[in-house]
Protein chains: 2
Amino acid sequence: MESLAALTDRQKDVYEFIRHLIRHRGYGPTVREIGEAFQIRSPNGVVCHLKALERKGLITREANRSRAIQLVAEPLSRLALPLAGRIAAGALHEAIEQDERIDLGEMFDTSDDDLFALEVSGDSMIEDQIADGDYVIVRRQKTARKGQIVVALTDENEATLKRWFPEKNRIRLEPANSSMKPIFVKNAKILGVVVGVVRKVA
Amino acid sequence: MESLAALTDRQKDVYEFIRHLIRHRGYGPTVREIGEAFQIRSPNGVVCHLKALERKGLITREANRSRAIQLVAEPLSRLALPLAGRIAAGALHEAIEQDERIDLGEMFDTSDDDLFALEVSGDSMIEDQIADGDYVIVRRQKTARKGQIVVALTDENEATLKRWFPEKNRIRLEPANSSMKPIFVKNAKILGVVVGVVRKVA
DNA sequence: CTCGATTATGGACAATTGTACAATATACGC
DNA sequence: GCGTATATTGTACAATTGTCCATAATCGAG
């Protein structure tokens, strides 16, 4: 909104070049590599651009290290998509021009080793809008608050996706499907709590 | 399943170290940086590990370039989560040990500039399991097949999320909510087609 | 007009860094 | 026991690479 707008065309090109390399090649360019790509004959010419980008907050660099350009704007996620605004909001076009971004890597912190995904089988949670074939993002933890959607392991060593309701002497595992009945078990182990849902639409 | 399993503990550690740096710091390590982290005093000691990782297909390197380590297993995405298997599948524990991964960056190719996200407002698509507050992932395109979920701009310049049904002289935009009626318009512009849904569960 | 920011050239230096070669030790399967 | 893969040390070299200095043209703002 501000930082990006303040860039000159040249700087924007350089930034895009760096970003493209990190994204597609997996590692960033050297100062001279950038120079080559833009016909800048002197390393110092490139350094000027890098300093400008750093000053404007788009990148970070670490002194004396090769290829040590860090993207600040989309720091650790590649799954940052431009967010176009709310659908009901009418003037969608304008919203798209903004550069708000939804960063799924931030939503579901991938560096968090306690997250895992699980493909959903069946319609037991359909009324919570979790359908067959969806992936639920689960945080590994052993406890849950009443009513949370959990992945639980019942006595019979069966894993299920249900809402979690502890009662006096038993646990009620309730599906979100009015045609199905809750399951009551004495013991159930929580494997994790659902923190997200991801679906690929055909 | 094969590649990761074939790794020695040491190699796995080195791989994780590289991956961690690329993920969290934004750029990979030098040969000597790896050596330092693992008390390997000679650059060559590290190179051996890198060669092993390359041979086993986990990384790629480019000759004579600094920090030029490319991760092959999760090439361009940071949103790769371990996939624990299908929930109904019973023996979930074992499934978690596998190293299948769901790669959201692959599911929704972030390098694709024609993708954007949109926050959903309202319950008009609730029967397609798209709820208020969800984010739909949309591919910018101007046409759609009959029945696809599209983001459309109607005559009144209002953006809506509906199923797309072209008819003879008009277009039917159908909500997935039996309490709502389809909208009929003469002209509607398709802004994009829904390719995914992402939800954050509180 | 002058000042600052932008965008460059050219050359030089020193540190970083990948690679190569020569050895060694351990573990494992045959 | 012997060969192969793993894991490591040590040294050396040459190329890569970041940084710095001096210099300068262009352009918009004050």
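Throughout, protein chains are lettered first and strands after them, A, B, ... in sequence-line order, and every chain is numbered starting at 1.
- Look at B:Ser66 and you'll find a side-chain N or O under 4.0 angstrom from OP1 or OP2 of D:dT17.
- Contact between the side-chain N/O atoms of B:Gln39 and the OP1/OP2 oxygens of D:dT8 is not found at any separation under 4.0 Å.
- Side chain A:Arg32 to base D:dG18: a donor-acceptor pair is found below 3.5 Å.
- For B:His49, no side-chain nitrogen or oxygen approaches OP1 or OP2 of D:dT6 to under 4.0 Å.
- Distance B:Glu62 CD to D:dT17 P: 11 Å, rounded to the nearest Å.
- For D:dT19, the OP1/OP2 oxygens have a side-chain nitrogen or oxygen of A:Arg61 closer than 4.0 Å.
- Side-chain proximity of A:Ser42 to C:dT7, D:dT19, C:dT9: nearest is C:dT9.
- Contact annotation: A:Thr8 side-chain N/O to C:dT7 OP1/OP2 distance is under 4.0 Å.
- If you take OH of A:Tyr15 and C1' of C:dT6, they are 20 Å apart, rounded to a whole angstrom.
- Rounded to a whole Å, the CG atom of B:Asn44 is 15 Å from the P atom of C:dT24.
- Between B:Arg41 and the phosphate of C:dT24, there is no side-chain N or O to OP1/OP2 separation shorter than 4.0 Å.
- Dashed line: the shortest gap from a side-chain N or O of B:Lys51 to OP1 or OP2 of D:dA7 is not under 4.0 Å.
- Between C:dA8 and A:Arg10, a contact under 4.0 Å exists linking OP1 or OP2 to a side-chain N or O.
- The phosphate of D:dT6 has OP1 or OP2 within less than 4.0 Å of a side-chain N or O from B:Arg55.
- Between the B:Glu54 side chain and the B:Arg61 main chain, a donor and an acceptor come within less than 3.5 Å of each other.
- Protein atom CD1 of B:Ile40 is 16 Å distant from nucleotide atom P of C:dT19, rounded to whole Å.
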